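Structure first, then comments.
Just so it is clear, the structure is predicted and the values come from calculations on it, not from any experiment. Counting starts at 1 for both ligands and their atoms, following the listed order.
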Amino acid sequence: MPALKVLALAGLSVLGAVSALQDSLQRPLVNVTHAPAIKPKPLVDSEALQASISGDKLLARAEELYEIAKLGEDEYNHPTRVIGSEGHLGTLGYIYTALARLGDYYTLSKQLFPAVTGNVFEFRLVLGHDVPESAQAMGLTPATKARQPERGDLLLVANDGCNPDDYPPTARGKILLIKRGSCSFGAKSERAGHAGAIAAVIYNSDRGPLSGTLGDPSAFHVATFGLSGDDAAPVVAKLQSGARVDASAYIDATVDRITTTNIIAQTTAGDPDHCVMLGGHSDSVAEGPGINDDGSGTLALLEVATQLAGFAVHNCVRFAWWSAEEEGLLGSDYYVAALTPRENRRIRVFMDYDMLASPNFAYQVYDARNDANPVGSQELRDLYVDWYAAQGLNHTFIAFDGRSDYDAFIRNGIPGGGIATGAEGLKTEAEAGVFGGTAGLEYDPCYHQLCDDVANLNATAWELNTKLVAHSVATFARSFEGFPERTDEGIQVAKRGAYSRKTKYRGSKLFI
Ligand code: DTR
Ligand code: ZN
Ligand code: ZN
């Protein structure tokens with residue numbers, strides 16, 4: 001068929017379609033079900049989002065989370081949400097399911113990463129005729145040979161045991177006594193292993209007890225204990241006098257490599273180049289259900305994310321539930337390390353919410369300063385201070401010392417901060433006068449213990465702090481006006497280690 005004719009026919013059919021459409025538009029539309037007009041969501045504002053937060057809803061979630069922690073009982077004989085347990089897998093399912101119910105308001109992602117989990121089932125240290133009370137098995141320690149007690153003479157290692165020549169050939173087959181300091185517990189244990197030791201005892205450089213973690217497993221790690229300076233002193237004196245002291249070391253423990261999961265939820269709407277990010281950790285320690293640490297943060301985030309879905313946002317809001325925080329901030333470390341420079345720059349600020357409901361609480365604000373942390377950290381700090389003051393409440397500053405999931409962000413130039421209500425520290429008289437509660441008692445006496453359950457929560461502090469979380473989200477979801485811009489210089493300063501404080505912690509675990 002000639003091309004001209006094809007075009008003409010095509011033209012006719014288009015004309016025919018247009019006239020048919022015009023006809024149809026003339027006729028009244030009948031039998032059409034009118035889909036309800038989709039009402040645009042109101043732009044989020046702090047008061048409205050805060051008003052949507054209810055302590056009853058939070059407590060209902062806490063009860064659900066405790067039931068999930070009980071899934072860990074078969075393997076651990078008590079409720080736990082430690083990574084790798086059914087309690088943690090149940091926690092991840094609970095979070096993901098709740099977010100998925102919000103439809104396409106969020107774009108959800110699961111970030112899988114390798115982690116290490118250690119369990120110490122039993123241990124015993126005998127030094128001469130004494131069983132020192134302060135002896136504790138180090139985190140991620142291997143077991144003694146065949147998971148059985150081993151006997152051997154004690155040998156006091158020279159200096160801090162950080163150099164190979166601190167270990168004489170006679171160290172082989174001995175139980176080594178090593179002073180804390182200069183290098184990590186893991187490095188000391190590894191040196192002991194290289195020297196052929198059967199076990200290592202690291203004693204504190206001051207009087208108190210010593211518990212920490214060996215960190216990333218090494219084939220040369222040996223069964224390692226921590227010991228208080230007080231318990232070590234008489235034994236060190238005997239060894240320095242030339243006396244022989246025999247010992248028995250026993251640790252029954254396992255160290256396993258597993259894959260675990262961060263959950264990330266980002267608003268589908270909102271400027272993706274200007275994200276406000278916030279996180280809490282989804283895991284607990286093996287010892288207990290972690291309903292305050294950090295169920296309180298996990299559930300606060302989930303409730304705020306749920307309520308936020310009723311609003312529009314100008315800027316992107318990204319929630320994160322970190323795994324393996326208790327193993328040393330592994331989930332947040334992995335996440336930040338995986339960011340490209342552009343993805344890094346798109347995060348305007350990271351807010352950490354870890355322990356928001358301690359029974360003997362103080363309203364604690366991380367004392368982030370722009371002269372020591374990425375610029376913007378201080379403005380975030382002051383947002384918290386101003387909000388507490390606006391409620392007629394006081395606050396205390398706590399060290400911004402790298403003990404929770406903000407650490408990787410500030411080390412990589414992203415402004416950070418957060419609030420907490422306290423862990424194993426003791427409430428001061430002054431704080432008791434301001435916040436009530438009991439001076440001289442831990443902020444959370446059930447920290448890292450089996451009793452960190454629903455009854456351990458201070459519901460008033462939790463509801464109030466969750467409203468503050470809502471305020472922090474709403475503020476930046478609306479606008480970053482007045483908040484310092486991100487700069488490449490900020491990232492470079494961080495990369496030069498400007499923020500690598502002399503921190504001794506990785507999460508809650510001491511490592512040096
Ligand atoms: N929530 C604790 C880690 C932690 C974060 N900030 C502080 C301050 C003082 C003690 C402990 C912490 C945990 O995950 O164990
Ligand atoms: Zn925590
Ligand atoms: Zn903890």
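K70 meets the salt bridge (Lys or Arg N to Asp or Glu O under 4.0 Å) test with E67; sequence neighbours excluded. Taking the salt bridge (Lys or Arg N to Asp or Glu O under 4.0 Å) definition, one finds that D231 meets it with nothing, sequence neighbours left out.
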Measure from every N or O atom of ligand 1 to the protein's N or O atoms and keep only the pairs below 3.5 Å, writing each with atom names and distance to 0.1 Å.
from: ligand 1; atom 1: 1 (N); to: D293; atom 2: OD1; distance (Å): 3.4
from: ligand 1; atom 1: 1 (N); to: D354; atom 2: OD1; distance (Å): 3.0
from: ligand 1; atom 1: 1 (N); to: D354; atom 2: OD2; distance (Å): 2.9
from: ligand 1; atom 1: 6 (N); to: Y366; atom 2: OH; distance (Å): 3.0
from: ligand 1; atom 1: 14 (O); to: H281; atom 2: NE2; distance (Å): 3.2
from: ligand 1; atom 1: 14 (O); to: D293; atom 2: OD1; distance (Å): 3.2
from: ligand 1; atom 1: 14 (O); to: E325; atom 2: OE1; distance (Å): 2.9
from: ligand 1; atom 1: 14 (O); to: E325; atom 2: OE2; distance (Å): 3.0
from: ligand 1; atom 1: 14 (O); to: E326; atom 2: OE2; distance (Å): 3.3
from: ligand 1; atom 1: 14 (O); to: D354; atom 2: OD2; distance (Å): 3.4
from: ligand 1; atom 1: 15 (O); to: D293; atom 2: OD2; distance (Å): 3.2
from: ligand 1; atom 1: 15 (O); to: E326; atom 2: OE1; distance (Å): 3.3
from: ligand 1; atom 1: 15 (O); to: Y447; atom 2: OH; distance (Å): 2.6
from: ligand 1; atom 1: 15 (O); to: H448; atom 2: NE2; distance (Å): 2.9

- Query: Hey, mind stepping through L99 and L302 against side chain to side chain contact (heavy atoms under 4.5 Å, CB included) and telling me if it holds?
  - Reply: CA-CA 8 Å; L99 293 167; L302 199 52; 3.9 Å; yes
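The side chain to side chain contact (heavy atoms under 4.5 Å, CB included) test with I414 singles out one residue from N373, V349, I347, and that residue is I347.
Two rings, from Y384 and Y363, have their centers 6.0 Å or more apart.
Only protein N, O or S atoms were considered, and those under 2.8 Å from the Zn ion (ligand 3) are D293 OD2, E326 OE1, E326 OE2, H448 NE2.
Neither side chain, N394 nor E431, offers a donor N or O lying under 3.5 Å from an acceptor on the other.
Under a cutoff of 6.0 Å and an axis angle of 45°, K427 and F435 do not form a cation-pi pair.
Here the CG atom belonging to N456 is positioned 7.5 Å from the OG atom belonging to S358, to the nearest 0.5 angstrom.
A 6.0 Å sphere centred on CD of E424 holds more than 12 heavy atoms belonging to other residues, nucleotides or ligands.
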